[in-house]
Amino acid sequence: MSQQRTNTLIIVALVPVLGLGLVFSILLLGGEEEDPCAPNGSQSAVSIDPDSVPEGPIAGYGHEQLVNAAYIMQAAHQLGLSVRDQTIGVMTAIGESDLVVLDHGDLAGPDSRGLLRQRDNGAWGTHEERMDPLTSATYFFE
């Protein structure tokens, strides 16, 4: 494969990721002023109503994935966490499940389920709770 083609593929792969980052930055930071007295990264979490999420797709993520991200953000907000914590939760779910509620495990965790691939070890709730985006995100943050 030529160097030019490799560079083109890398750029094409990064565009959706950068676009999603921009969208989440706007959703997370838009309209909210940071408290100048607060330590870095401690801005209060923002609330996003999952019912108000656009139909999508945005940066390659469909409506269901964006709603799941909103549920993760909502869980952090309800627990009084920061925008930084919301970002960590959404990024973790992107890495674990691409923001899709999965009802199957993998080699590393054959019993892992949900957005955050939580295991059936008693710490992450019942199967139903791990399959519910808001509940599973709440367990993740707790």
Side-chain angles (χ1 to χ4, degrees), residues 1 3 5-142:
M1 185 180 302
Q3 184 65 33
R5 182 177 167 113
T6 301
N7 290 343
T8 301
L9 290 174
I10 290 171
I11 290 170
V12 168
L14 286 177
V15 168
V17 172
L18 294 174
L20 183 65
L22 175 63
V23 169
F24 281 118
S25 295
I26 291 168
L27 290 173
L28 289 172
L29 302 175
E32 295 284 327
E33 290 188 30
E34 188 166 342
D35 179 357
C37 297
N40 288 341
S42 65
Q43 180 182 6
S44 295
V46 296
S47 179
I48 297 178
D49 179 7
D51 294 331
S52 70
V53 173
E55 285 300 316
I58 297 174
Y61 288 88
H63 179 72
E64 177 187 354
Q65 292 165 298
L66 297 171
V67 167
N68 288 335
Y71 278 121
I72 294 167
M73 295 170 65
Q74 187 179 52
H77 181 264
Q78 289 174 351
L79 292 169
L81 301 176
S82 69
V83 168
R84 176 185 167 273
D85 300 323
Q86 286 179 311
T87 304
I88 290 170
V90 171
M91 290 172 53
T92 300
I94 288 171
E96 291 292 337
S97 68
D98 201 30
L99 291 170
V100 175
V101 178
L102 299 175
D103 196 14
H104 60 81
D106 57 15
L107 289 177
D111 58 346
S112 64
R113 300 289 185 273
L115 282 175
L116 297 153
R117 305 296 298 229
Q118 294 157 314
R119 305 282 309 265
D120 186 20
N121 61 9
W124 303 110
T126 65
H127 176 265
E128 291 76 24
E129 290 171 325
R130 289 181 286 140
M131 297 301 290
D132 177 72
L134 182 62
T135 304
S136 66
T138 300
Y139 275 112
F140 171 79
F141 289 120
E142 288 176 337

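Keep in mind that this is a model prediction, so the values were computed, not measured.
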Of all the heavy-atom pairs spanning R119 and P110, show the shortest one and how long it is. NH2-CD, 4.1 Å

What pairs with A76 under side-chain contact (heavy atoms from CB on, under 4.5 Å), at least two apart in sequence or on another chain? L81, Q86, F141

Could you walk me through whether M131 and D103 satisfy the side chain to side chain contact (heavy atoms under 4.5 Å, CB included) test, starting with their C-alpha distance in whole Å, then the side-chain angles of each, then the deciding distance to 0.1 Å, before giving a yes or no? CA-CA 7 Å; M131 297 301 290; D103 196 14; 3.5 Å; yes

Hey, mind stepping through V46 and M73 against side chain to side chain contact (heavy atoms under 4.5 Å, CB included) and telling me if it holds? CA-CA 7 Å; V46 296; M73 295 170 65; 4.0 Å; yes

What's the spacing between Q78 CD and T138 OG1 if we round to 0.5 Å? 6.0 Å

Heavy-atom closest pair, residues L99 and I72: CD2-CD1, 4.1 Å

Smallest heavy-atom separation, A123 atom then N121 atom, equals N-OD1, 2.9 Å

Can you check whether G62's main-chain N or O pairs, donor with acceptor, with Q65's side chain at less than 3.5 Å? yes

Residues 47-58, side-chain donor-acceptor partners within the protein, below 3.5 Å, at least two apart:
residue : atom : partner : partner atom : Å
D49     : OD1  : D51     : N            : 3.1
S52     : OG   : D49     : O            : 2.7

OH-CD1 distance between Y61 and I94, expressed to the nearest 0.5 angstrom: 4.0 Å

Kindly determine whether Y139 and Q118 satisfy side-chain hydrogen bond (donor to acceptor under 3.5 Å, both in side chains), including the steps that lead there. CA-CA 9 Å; Y139 275 112; Q118 294 157 314; over 6 Å; no

Output the distance between atom CD (E142) and atom CG (L79), rounded to the nearest 0.5 Å. 5.5 Å

Where is the tightest heavy-atom contact between R130 and D111, given as atom of each residue plus distance? NH1-O, 3.0 Å

What are the two closest non-hydrogen atoms of L116 and E96, and how far apart are they? O-CG, 4.0 Å

Are the side chain of D85 and the backbone N or O of S82 linked by a donor-acceptor pair below 3.5 Å? yes

Heavy atoms only: give me the nearest S97-L102 pair and the separation to one decimal. CB-CD1, 3.8 Å

Sorted by chain and residue number, the salt bridge (charged side-chain N to carboxylate O under 4.0 Å, His left out) partners of D98 (sequence neighbours excluded) come out as none

